[in-house]
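A short write-up of the structure that comes next.
A note on names: the letters A, B, ... follow the listed sequences, proteins ahead of strands, and every chain is numbered from 1.
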Amino acid sequence: MPEEAPAPNAFDLLAPGVQRRLWDMKWTELRPIQADAIRAVLGSRDDLVLMAETAGGKTEAAFLPLLSQIADEALGSVRVVYVGPLKALINDQFSRIEDLCKHLEVPVHRWHGDVGEAARRTLIQQPGGVLLITPESIESLLVNRTANLSGVFGGLRAVVIDELHAFLDASRGLHLASVLARLSRRVSGDRPRMIGLSATIGDTDAARRYLSPDAPERVRVITDPGETKELQMRLHVYRPAGSPDAEDDARQLSLHTVAADLVEHCHGRSNLVFCNAKGDIELLADEGNTIARASGLVPSFVVHHGSLSREIRDDTESRMKSERPYTAICSSTLEMGIDIGSVHTVGQVGPPWGVASLKQRLGRSGRRDDEPRRLRMYVIEDADPHAEDPVHRLPLRTLQSVAVVELMLRERWLEPPALPEMDLSTLSQQVVALIAERGGVTPAAAYEQLCVRGPFRAVETAVFADLLRSLGAEDVIEQAPRGELILGLEGEHIRTGRGFYAVFDTPVEYRLVHDSRELGTLPSGAVPAEDDHLIFAGRRWKVVSVDADRQTIYVQPARGRKRPLFLGSPGHVHRRIRERMLEVLIDPPPLPYATGPARELIAASTSAAEQSGYSGRRLTPMSDSVTDLVTWTGTREQLTILSMLSAAGLEVTDKEVSIRCRASVENVRSVLETITDYPPPIETIARAAIQRATLHKYDYLLSEELRGRAIAANDLTLDSALELLRHIS
DNA sequence: GACCTGCTGCGGATTG
């Protein structure tokens with residue numbers, strides 16, 4: 001029997017200049033994922049997914065072999081494109097990769113909105129090496145630098161997508177796939193190799209299909225098993241003891257208690273505390289620092305979220321990197337990417353939205369080899385055992401927190417990512433962009449580029465033709481006499497508008513200014529009045545004046561305090577989480593990480609739910625004319641069922657884990673029987689869903705029929721909704 | 001009551 005050749009030593013495969021750099025940096029060994037990636041890149045043409053914890057060496061795993069491969073390539077074209085979702089991440093990675101290139105003749109470029117004209121000129125005039133860029137900046141190159149594309153990208157060998165999971169379930173992922181497909185037309189020679197980097201992906205097949213839709217089975221997934229780290233965790237539950245009338249006061253009181261506990265738990269160390277709402281971030285930081293001062297401690301809470309100015313976020317980031325102990329109270333801005341040093345404990349205030357998000361956040365602690373991961377969850381439970389409405393008696397926040405933790409720890413399950421395959425808003429933007437790139441394009445060529453070679457494969461030719469008609473009706477495009485599509489008046493307007501390059505929508509915002517220094521922004525729908533107080537950027541302010549023309553709010557320091565208002569819209573919860581919440585409710589598992597009060601609360605809820613008819617999926621009468629359809633299912637199923645019932649003529653209200661119907665039990669039961677026997681056409685359900693579904697950036701250009709098609713494909717899930725209804729007793 | 005992300009090009013005048 002022939003002996004299998006031993007795997008080559010990965011280090012020996014690297015280019016001499018790369019080896020020398022590793023000697024300089026005193027690396028004694030390569031991590032397994034790096035050795036595997038080096039062998040895969042230098043020994044095959046396969047596309048790759050590299051999965052490892054944040055700071056697990058993924059960047060080096062991809063770039064050590066890629067740099068080795070291009071070390072001897074002449075200038076004349078960029079060889080490797082690195083796509084990052086954040087400018088801050090690109091800046092971080094730029095210095096890391098430049099550092100790896102110290103002994104190589106490989107230039108490293110970056111291009112995003114904050115990169116200066118000189119650096120841009122260098123890339124255009126002397127392209128070569130590595131380019132770090134955002135999806136939106138690729139779009140701007142395609143549209144504005146068309147004449148340079150072949151020169152800059154003609155010899156491209158590989159595309160690296162960092163934080164791949166961030167692109168796998170949103171419009172931005174489709175946008176990125178589309179600009180890469182448009183770019184690959186400009187590459188001569190072989191299709192560039194695709195490499196995705198990510199910490200955690202619930203479904204690696206989705207990642208494979210994304211990187212290589214034509215041959216997903218040939219994408220190799222390399223996972224760093226990592227050592228299974230010890231997790232120390234605690235679930236704290238807070239119960240407002242206020243009167244039902246004073247709900248806000250009660251919540252405020254609970255936040256005070258959470259803040260007091262945070263001071264105790266966080267004092268003297270560096271920590272990250274994630275909140276679900278930006279208003280809570282500001283309030284908790286203010287409260288925590290006030291309590292710390294009163295106890296003679298150094299106030300060390302700082303804030304970080306997306307409405308703060310870059311300057312204030314930079315300040316928080318550099319404090320976190322410093323030797324002094326700070327605790328950042330933050331939103332998902334600190335969930336991914338930029339390195340903020342070692343963190344002792346991760347806090348989570350309120351139930352996590354999902355397992356993937358909690359896992360990502362948890363990865364921020366226990367970075368050092370000898371350190372365990374530490375997680376503290378703080379849940380303000382506003383369920384009231386005496387409430388008239390049975391839904392308000394259920395401890396939904398506590399149940400959701402427990403369900404997410406149980407799914408993560410015991411089932412090792414994550415939400416699978418799902419791209420909105422019928423994203424007609426993003427497709428509309430791509431039609432405009434493609435016309436802008438080529439000057440004009442025939443409908444057939446547009447379909448070929450966007451829906452055959454590009455990511456909109458679920459869009460059939462008839463739907464695409466409808467879309468073009470819809471865009472024509474809105475003056476976005478028009479057809480030249482020879483059949484070519486060109487931009488119409490509205491299309492030119494969209495294309496030259498400032499917001500054109502991104503496919504996600506941004507609400508109108510007012511700037512908050514003190515002493516000509518910008519602190520951040522507030523939504524135009526929640527602008528405070530003159531003399532109002534607010535907490536912002538961790539400090540207290542009073543509004544001096546509001547300039548509506550300049551959309552600016554001028555403030556000065558003050559003593560009064562008020563939670564700022566940010567207008568968000570509810571997110572999605574996966575069906576498995578709500579199902580698990582029901583299981584925890586009817587048969588609580590041992591919860592060693594929960595404090596005594598948390599366990600007692602759940603135990604007490606079991607019998608209460610039984611009595612109120614919420615301990616299973618069933619029809620529960622509230623009165624002769626009101627019936628609750630208890631669903632315990634995900635937001636997508638919930639939307640589908642709501643729309644079906646409403647299309648059948650019932651008056652319905654979303655109650656999160658149930659649907660309240662203004663009708664008798666018999667009436668609702670007969671509607672359910674009809675629906676399950678003769679399900680209404682999806683178009684009918686989609687029409688009923690239009691009012692409740694999220695509106696995307698370019699949806700306003702679509703006919704109602706197209707909008708319905710998009711909702712049917714992206715927002716509804718008929719099969720699992722019907723399956724659930726068939727089991728309603 | 002619910003998070004985040006991004007972003008012209010060009011020509012002409014002026015200055016060192």
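Among the nucleotides B/dT8, B/dC3, B/dG6, the one closest to the side chain of A/Asn144 is B/dT8. When distances run from any side-chain atom of A/Trp353 to the nucleotides B/dA2, B/dG9, B/dC7, the shortest one goes to B/dA2. Closest contact between the side chain of A/Ser137 and the listed nucleotides B/dC7, B/dG6, B/dA2 involves B/dC7.
A donor N or O paired with an acceptor N or O is found under 3.5 Å between the base of B/dG6 and the side-chain atoms of A/Thr506. Side chain A/Arg498 to base B/dG6: no donor-acceptor pair is found below 3.5 Å.
Here A/Ser331 reaches the OP1 or OP2 of B/dC4: one of its side-chain N or O atoms lies under 4.0 Å away. Here A/Thr134 does not reach the OP1 or OP2 of B/dG6: none of its side-chain N or O atoms lies under 4.0 Å away.
Ionic pairing of A/Arg182 and A/Glu437 is present here: one or more N-O contacts between side-chain nitrogen and carboxylate oxygen are shorter than 4.0 angstrom. No salt bridge links A/Lys321 with A/Glu317; every basic N to acidic carboxylate O contact stays at or beyond 4.0 Å. Ion pair A/Glu415/A/Arg576 not flagged as a salt bridge, since none of the NZ, NE, NH1 or NH2 atoms sits closer than 4.0 Å to an Asp/Glu carboxylate oxygen. Of the charged side-chain nitrogens involved, at least one lies within less than 4.0 Å of a carboxylate oxygen, so that A/Arg660 and A/Asp389 count as a salt-bridged pair.
Proximity of residues 431-439 of chain A to DNA chain B (heavy atom under 4.0 angstrom from any strand atom) is not detected for any residue.
Of all heavy-atom pairs spanning A/Gly499 and A/Tyr698, the tightest one is O-OH, 4.4 Å.
Ring geometry, A/His236 versus A/Tyr378: the interplanar angle falls under 30°, so the pair is classed parallel (tilted spans 30 to 60°).
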